[in-house]
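Shown next, in structure tokens, is the structure this report addresses.
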Amino acid sequence: MRYTTAVALVLAGACALPPPPPPSAEFLVSAGDQTYWVRSDNSGLRIRGSPLILARTGGRYYEVFVGEIDRSYPKALFSGERVFRRDLASGDSAIIYDDTTVVEMAHDYRRRHPRAPILGPDDDPEDDIDISAVGETDILNDRGPDVAREHRLSVERSDEHSEDDTTRAVIDIRDGKSVELDRMLRDSTVQEAAGEGGFSNRRWRHDGFDVISRYDSTHKQNALAMRDHRGREWTLGLVASSYVQIFWLDKPKIDARTRHALARAFNDATTYGERIQQVSRKKPMVKTPIRRAVGRQT
């Protein structure tokens, strides 16, 4: 009987049907500083990732990124960061947040020291500088037309008077104006992209299947999967960000121009290297030490 049972199990395993193919779908997963392009059909799942911070509003897709400002002089260092948005279809870019404090401090220094030369990329400041102003801007998350940013400012002077300040705000990518958090929460397009549920468990409904997110306590990340209405699941992978959005590309189906713009943005972002905004892996701000010129003869 034991031998017969073992043979029956082997035969049953040999006759088992292969796992079913995933539902046909095409969508983007926006998760912090990463975006994933997911395609599925009878041949299986295909997922491509890119270090792209993606936003969508009014049916248009935008890349959100941070650019540096460096306006330094031999005895004064001014470094800041601006937030830009780029329309993927047109390629047009615009500043939606400017580091106005650092820019105004640099302009004021220029007015008071009109003969001071501006440092080039390969020039070093003097050992004893009068002021250092460093601003850093992080993109915390984006929802529809709104982007949450954090700005940190550190100012040090030779008279030992220093300043440190951190501010957070939500800005509209279309015009750079500040918006109330309540508006973001009431926006129906934002709610659709953000899904249903809390941070630990979320669901995005589609025709014939859902995309689900569960918190994985072992990896301390969110596990994403496709699940059909029969409860069968297909694993997509883990994402570190809790701010996940789903952009359906087949509901309605995107046009050829938008598809080309998205593909180009995915390709371009992979070549950015250190220039791309890395929300979760950005190095902490390093203050530039100021050496006081006490009793030094020139």
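What you are looking at is a predicted structure, and each value in this text was computed from that prediction instead of being measured.
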Within 6.0 Å of OH in Y243, more than 12 heavy atoms from elsewhere: no

Approximate separation, where rounding is to 0.5 Å, of E150 CD and R168 CZ: 4.5 Å

For P145 against T57, the heavy-atom pair lying closest together: CB-OG1, 3.5 Å

Pairwise side-chain contact, S72 with D70, heavy-atom cut-off 4.5 Å (strictly under): yes

Those residues that, when tested against R264, pass side chain to side chain donor-acceptor pair (under 3.5 Å) (two or more places apart): none

Shortest non-hydrogen separation from I118 to R110 and the atoms involved: CG1-NH1, 4.2 Å

Euclidean distance, R60 CZ relative to I173 CD1, rounded to 0.5 Å: 11.0 Å

Polar side-chain atom of S50 near backbone of F266 as donor-acceptor pair, under 3.5 Å: yes

Verdict with reasoning, K253 to E26, per salt bridge (charged side-chain N to carboxylate O under 4.0 Å, His left out): CA-CA 9 Å; K253 189 174 182 179; E26 185 175 22; over 6 Å; no

Donor-acceptor contact present, side-chain E81 to main-chain G67, <3.5 Å: no

Within residues 112-124 or reaching into it, pairs that qualify as side chain to side chain donor-acceptor pair (under 3.5 Å) - sequence neighbours excluded: D108-R112

Donor-acceptor under 3.5 Å (T35 side chain, I53 main chain): no

For N201, side-chain contact (heavy atoms from CB on, under 4.5 Å) partners two or more places apart: R214

Check: R202 side chain, G195 main-chain N or O, donor-acceptor pair, under 3.5 Å: yes

With sequence neighbours excluded, residues passing ring-ring contact (aromatic ring centres under 6.0 Å, His included) with F78: Y109

Please list, one pair per line, the donor and acceptor atoms closer than 3.5 Å that link side chains of residues 223-230 to other protein atoms, with sequence neighbours excluded.
| unit_1 | atom_1 | unit_2 | atom_2 | d |
| --- | --- | --- | --- | --- |
| D228 | OD1 | R230 | N | 3.0 |
| D228 | OD1 | G231 | N | 3.1 |
| D228 | OD1 | R232 | N | 2.9 |
| D228 | OD2 | R232 | NE | 2.7 |
| D228 | OD2 | R232 | NH2 | 2.9 |

Side-chain donor/acceptor of D138 to backbone N/O of L140, under 3.5 Å: no

Electrostatic pair R157-E163, nearest N-O below 4.0 angstrom: yes

Expected output: side-chain W204 to main-chain A193 donor-acceptor under 3.5 Å: yes

Closest heavy-atom pair and its distance - G144, Q245: N-OE1, 3.5 Å

Exceeds 12 heavy-atom contacts within 6.0 angstrom, atom CD of E68: no

By side chain to side chain donor-acceptor pair (under 3.5 Å) - contacts of D99 (at least two apart): H151

